[in-house]
Amino acid sequence: MGRTLRSVSGLSGDAATAPAQVYVGMGSGDMATSKGELLRATAVEEDTSSLPLPTLLKPELKHGKKPLFDLMEAIREIKVRTFDPYDSFCVYLAMMDRKWCSLTFLTSICLILFLLGSYAAYEHFRRVDAREDNEKHYVTLQVEASNATGRPIPETLFGIFFEEINHAGAGGLWAELVSNRGFEAGGQIIPSSIWPWSIIGDESTISVVTDRSSCFERNKIALRMEVLCNSSGCPSEGVGVYNPGYWGMNIEKGKKYKVTLYVRSTGDIDVSVSLTSSNGSLTLASEQIIALASEVSKWTKKEMLLEANGTDDGARLQLTTTKNGSIWFDQVSAMPVDTYKGHGFRNDLFQMMVDLKPRFIRFPGGCYVEGDSLSNAFQWKKTVGAWEERPGHFGDVWNYWTDDGLGHFEFFQLAEDLGAAPIWVFNSGISHHDQVETARIMPFVQEALDGIEFARGDANSTWGSVRAAMGHPKPFGLKYVAVGNEDCGKKYYKGNYLEFYNAIKKAYPDIKIISNCDGSSQPLDHPADYYDYHVYTLAKELFSMSHMFDKTSRDGPKAFVSEYAVNITDANTGNLLAALGEAGFLLGLEKNSDVVGMVSYAPLFVNTNDRRWLPDAIVFNSSHLYGTPSYWVQQFFTESSGATLLSSTMEGNSSYVEASAISFQSNGSDYIQIKAVNFANVTVELKVKMTGLDSSNTKASAKKKKVLTSASVMDENSFSNPEMIKPQESIGVMSEGNFTFVLPPYSFSSFDI
Ligand code: AHR
């Protein structure tokens, strides 16, 4: 800033509107309070870049100068500058002090002051109005409400993706309470670890070791227990082993648990099978196995029903005895009797899935299907048949053992129970670290064909008969398969894919085949019915991707967005911000459902005792669970699959609002549903203007409103506050034709009209 000529009466801008500051800047000795002295402001030249504003004001006491000169000079100064109240006040002071004022002059000054004041007030309110107008955020959604111009949304648009990750199945949905029930988790080389089994007693009374004496050919490891109590006998509570399940078993008073085990001994046995509190001090249920040596000299299956007389969600299963001798145990299972339809699915977790009304279920995983190495990939044939005969396997991507109670059959059963189309993902001969050359891929192709036959072959077919023997003679309705997971860039993928594709299409022409290669921006160079699309990113990024399929070619295979989520720091363990980013993305997918055929979030479940990936949609431990905001966002789309997408366009001043309109039927009534996400910290008014409305819809009627929001966009649900962020529903009555809704800051809303 350069040098500026300024005077006290010539202040403009901010200082001129703040006369109080002017006086604060004066030294008390300079005040115009001294009798007979005139306060005169002289022009001073100051460098404004270095001086604070008040020091620019240099009042001087002038002795011996003619008052007229002083007054005229002041008035002249006023004339050459924009007049302001402060100037006039100085003049007024001067006049009053010298008694030079006349009535006319004063009246003029007053009039000028009045006019100036009025103008200032007018300006002030005009500016405030303008500001408020700018801050008012609004959007208008123009909806063509007639079904005739709408577009059908695929029946299978919204579904779920179940992966064995985070103990989603083992220690989760699959209700088996015993972990490592066959003692195979420690590997096939003996002696092996029996983790998480532990010993009750000390080395002087008991020794435990694994051997390969099991009666089950595919899982030879068994547990051998030597009880060596001295002549005074074993402790009264007995010695033995216990299994803590998956970070504690949830045992509930009055409920029944079916315990099955295989036992063998060289002598008579008397074994207590008990469910106890976490340290064994409290018995919740117990049964005895008493048998003569002759009965148990060979492997013998024992089953019992234990009814709990107490509740403990950190309970354990104990096998104890006070009798010396050698006892072998294998395939020890404890299943709650109360599972969904007795099919083995934990009821509360199953219900969370049902509530999403999934139209498909992709399983058994993504990376879980690939494996870090092929030898640890999911191999469906090892997961079917009697549960006791399944070897189980170590999932080396998510690093935990699974007994494979939730196997190929159970996944199809799960799909059927959910009323969801099964989508089976099989290995394409590629893991994270090894690949099978296309020239050698045929055994993998045959494995896939057999897996399909298991699901949909008739009960006399080779693999259909295995399914029938497991209790499901009727075929499962398998119509979609995915060849591999995230393998498109791998050297042998496309070659392998074509072998799978040709063989499957030949045997099952109606099966839709999903490729791992992305066809969203350019056509695929190979035949496919769908292409798999995965995205994990930041909230803002995913929100902005709501338009990514707008430009996708309308020809060719559709997208299967089988994994999407906001992750990294934006999401923490599952917050509102992540969910809103996803809501924007999903609205875009819904609107592009002519080229996007199926959509599922990932991952679905997490047991908090062993988080391998976050965030996730459903969080649980042995007894509690809650949905993250991402779970609740999915619930907003439960009416979408099979509905009609209404054509809509949005106008307004908010780039952070996405919205869609659909029509659907429920209980014989027609509804129009508007969904809108507000991804900013401001309130937005959404006006919905509809054309083509049926007259019955324009009448005043009850409207269901659902809003998902929270005090802070970083808020998350938790075990202690599981429903802090959950859609709040209300019913409102709207007057005829008035479809104006308020979208709270950072919120996702739906309105059923
Ligand atoms: O959903 C978690 C993992 O993310 C899946 O296993 C994999 O497909 C993706 O990389």
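When a ligand or atom number is given, it counts from 1 through the structure's own listing order.
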Which of the atoms in ligand 1, numbered in the order shown and given with their element, are less than 4.0 Å from a heavy-atom of [X]?
{"X": "Asn485", "answer": "7 (C), 8 (O)"}
{"X": "Ala602", "answer": "1 (O)"}
{"X": "Pro603", "answer": "1 (O)"}
{"X": "Trp398", "answer": "3 (C), 6 (O)"}

For this session: Could you tell me whether His343 atom NE2 has more than 12 heavy atoms of other residues or ligands within 6.0 Å of it?
Result: yes
Exercise. Are any of the side-chain nitrogens in Glu590 or Lys675 under 4.0 Å away from the carboxylate oxygens of its partner?
Worked result: yes
Problem set entry | Pair Asp532 + Arg362: basic N to acidic O under 4.0 Å | yes
Exercise. Could an N or O of ligand 1 be found under 3.5 Å from any N or O of Tyr368, whether backbone or side chain?
Worked result: no
Problem set entry | Cys367, any N or O under 3.5 Å of ligand 1 N or O | yes
For this session: Keeping the roles fixed (side chain from Glu184, backbone from Ile221), state whether a donor-acceptor pair exists under 3.5 Å.
Result: yes
Any idea which protein heavy atom is nearest [atom], and the distance to it?
{"atom": "atom 9 (C) of ligand 1", "answer": "Glu563 OE1, 2.9 Å"}
{"atom": "atom 1 (O) of ligand 1", "answer": "Tyr536 OH, 2.8 Å"}
{"atom": "atom 6 (O) of ligand 1", "answer": "Glu163 OE1, 2.6 Å"}

For this session: Compute both the distance and the angle, then confirm whether Lys706 meets the cation-pi test with Phe636: under 6.0 Å from the six-membered ring centre, within 45 degrees of the axis.
Result: yes
Exercise. Any idea how Phe454 and Trp380 line up, ring-wise: parallel (<30°), tilted (30 to 60°), or perpendicular (>60°)?
Worked result: tilted
For this session: Measure up the Phe363 and Phe411 rings against each other and bin them: parallel (under 30°), tilted (30 to 60°), perpendicular (over 60°).
Result: parallel
Problem set entry | ligand 1 contact on Tyr564 by region, counting heavy-atom pairs under 4.0 Å | neither
